[in-house]
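Per chain, numbering begins at 1; letters A, B, ... match sequence-line order.
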There are 2 protein chains.
Amino acid sequence: MSVTGNAANLSVCALQFKAETAVRQDNENGRKQPAPIDTTTGPDGGGRLQPSSIDVARLAGVSQSAVSRAFTPGASVSKKTREKVIAAARELGYQPSILPRILVTHRSHLVAIVIGGMYNPYYAKIFEQFTRQFQAQGYQVLVFFVDHNEYFDAAIPLIMRYRVDGIISALSIMSTEAADECAQMRIPVVLLNGRQQNKWVSAVCCDNVEGGRAVANLLFQKGGTRFAYIAGNETLANTDREQGFIGRLKELGVEDVEIAKGNFHYEGGYEAARALFAKSNRPDAVFCANDLTAIGAMECARAEYGLRIPDDVMIAGFDDATFSSWPSYSLTTVRQNGPEMVDAAIAALKQRWQEGTASGGKLRLVPGTLCERKSTDRQVGS
Amino acid sequence: MSVTGNAANLSVCALQFKAETAVRQDNENGRKQPAPIDTTTGPDGGGRLQPSSIDVARLAGVSQSAVSRAFTPGASVSKKTREKVIAAARELGYQPSILPRILVTHRSHLVAIVIGGMYNPYYAKIFEQFTRQFQAQGYQVLVFFVDHNEYFDAAIPLIMRYRVDGIISALSIMSTEAADECAQMRIPVVLLNGRQQNKWVSAVCCDNVEGGRAVANLLFQKGGTRFAYIAGNETLANTDREQGFIGRLKELGVEDVEIAKGNFHYEGGYEAARALFAKSNRPDAVFCANDLTAIGAMECARAEYGLRIPDDVMIAGFDDATFSSWPSYSLTTVRQNGPEMVDAAIAALKQRWQEGTASGGKLRLVPGTLCERKSTDRQVGS
DNA sequence: TCATAAAATGCATAGCTATGCAAAGTCAAG
DNA sequence: CTTGACTTTGCATAGCTATGCATTTTATGA
């Protein structure tokens, strides 16, 4: 049982992985040697590109187990073996694949993030925070861009097939069918800025209602008289902000709030404002569904009607996007507490993983912060 | 060989996957039946959560192959069998895992996108374009956020382990070691806005030099007399833009261009501008490494020095970010042709996959587009 | 030096799907 | 009713790693 049998096998591998220095005589002390590995994969076995642990084992003159152990932190390997293996691995350009491990453990350490788009920098930021957090905790992120909720439904089977350990959805809405399907698949889902819940679906949501109420308070206190709301698409976030705003105003005795239709985009805000400000009794206190919309409204107010902000009209938004604090806008807004929401969402996922069972969905409401800036900084009582 | 053996086995599975209706007698026509599947995995076999094709096969009373074929579009299955399988799969919440397929085919249809951050909306946009394109073509994207290039080097082994088919790096710089390591691993890499190349690394780069030259032409033609450049971090993109700008000005007879140090962020532009405009002979034509920097410089010029744009100072940027076209800025800039760069990068990857071999790196230079806006719209000859 | 404990190593296998191959069924034509 | 062509089905296996178990080697202590 000399090592020559190995050497013969090695020549096959050598061609493929340039392991010219493959012939080694490591039995200086007559140590136990692994039996020749009889994998009969030819050098051209169907587009085979990456070396396997067996290739490394051959080259290092050890068993496949030893290779595996050399790459497993706490495993039982001698220093010498580990060094041989690492050297061989480096030579072949080998890193152990995680796929078989996933197969065995049923834990992929993959998380799917489903998101509608990055037009809103706030979502880009949130996405980055999520991904960095997951990375730091040993999870990797698969991204899925999905335009509408119907498409999300369609994407679920695909996501399933990757055996992700969880799904973070920034789509806010989730159809009941989709929720059921995820439950059926036993994949925990966390909705960002959504409120659906079932056995496998949790939600983390900015307190949009309270945010809307805070803006109502501010605009009222600052002397607003004719109020308007520029809406976003029909989502929970939009409805809650609107209801909070209108509801609080009603409490303050303001019955008449004009609603304009926007779409969460700059252009939507601009167009809505164009219609709003064209009227005879134009509003002097406008709350917008998000910051992009608010910026659009501001630009329109200035460019098309020569209005001064906040003197002629006060404007407030939601999110606290990067550009909102830039001096040209200095937009009053409700900051969504991104890091806290991200942490809460990840915590919700982890809880599911630890519990193992479906524990019933939970809703975590994260308060926002009112950021007062110049766009509403009117002298009261003037 | 009746079906009772199966039924006995099924009860085990029934508990686990709620397949209460599992007992079926599908041998109405005495068809061939698969032998009882002897997988002795108990219901609590170590955190086993997801059903496998074998579970579905049991429930449907067919073989595992039949299940696989039922989910494979062109495969040879009778309609009846497929329906039975689909029904069983729905009942159990089953979708075939793609992991074993990856193991066998050595094609993961996974692509890693490595990116430094999303603070610049332009990168967020590019990222979205990439991901959508890949998705549309049957690939999924794994995201890796990496702060510095050293971290990229450290991340490569991790990326490797996912057996991605390719890497898109938006980091622009790539250390030689990292490039070598990717080559060693035989993973094709495409650098966005980088120019490194080796056997496995290609690059797609905006023509930054030409962009810088175009801005130089414009600012000179518009009557600029004292020129300045606010730099970004030390990247290829920055150097090229700077060199193009300075080089062209020199050709036009302008020797003296002041260089200020920025960092591609808003704040960097703001601070650099503060120093720049404090001097006695302040510049009247400033080119910034990117749009964020330019906006920072604009805000500073207005807020801290009361300068009018473009009358007192012209400012230009690079990227054409969303906010650059907003009226408050109306920033002249060089638009990077995002879609074309994305397509080129993906094409480069695909070419590698088709060729199979390392074909030597290629550099694709994509021209940008000068977008003239008000920030440089000075009346010439006034 | 020897016996015993500890460390290192190799073997065999689980985990899941796709697929080549052979066997069995189906159908049509003669 | 028989034969041959075609369709459908099941069996067995590749693909790669981690790990329990048994075995061999090394270290420790008397």
Quick check on the helix from C:dT1-D:dA30 to C:dG30-D:dC1: what's the angle between its two end axes, five base pairs per end, to the nearest 10°?
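Taking the rotation axis at each end, their angle is 30°.
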
Base, sugar-phosphate alone, or nothing: which one does [X] contact when heavy atoms must sit under 4.0 Å apart?
X: B:S68; answer: base
X: B:R163; answer: sugar-phosphate
X: B:V77; answer: sugar-phosphate

Record whether the side chain of B:R101 comes under 3.5 Å of the base of D:dG15 through a donor-acceptor pair of N or O atoms.
no

D:dC11 base / B:S65 side chain donor-acceptor hit below 3.5 Å:
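Yes, a donor-acceptor pair under 3.5 Å.
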
Closest to the 5' end of DNA chain C, once B:R69 and B:Y94 are matched to their nearest nucleotides, is B:Y94

All pairs passing ring-ring contact (aromatic ring centres under 6.0 Å, His included) where residues 56-103 of chain B contributes a residue, at least two apart:
B:F71-B:Y94

Assess the pair B:F127 and A:F127: is the distance between their ring centroids shorter than 6.0 Å?
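Between A:F127 and B:F127, which both carry aromatic rings, the centre distance is below 6.0 Å.
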
d(CG, B:L103; P, D:dC16) in whole Å:
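Result: 6 Å.
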
Can you say whether the rings of A:Y139 and A:W353 are parallel (under 30°), tilted (30 to 60°) or perpendicular (over 60°)?
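Geometry flag for A:W353 against A:Y139: parallel rings.
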
Taking 4.0 Å as the cut-off, does a side-chain nitrogen or oxygen of A:S78 come that near to OP1 or OP2 on C:dT9?
yes

Does B:H106 place a side-chain N or O at less than 4.0 Å from the phosphate oxygens OP1/OP2 of D:dA14?
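So the side chain of B:H106 is outside the cut-off, no N or O lying under 4.0 Å from OP1 or OP2 of D:dA14.
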
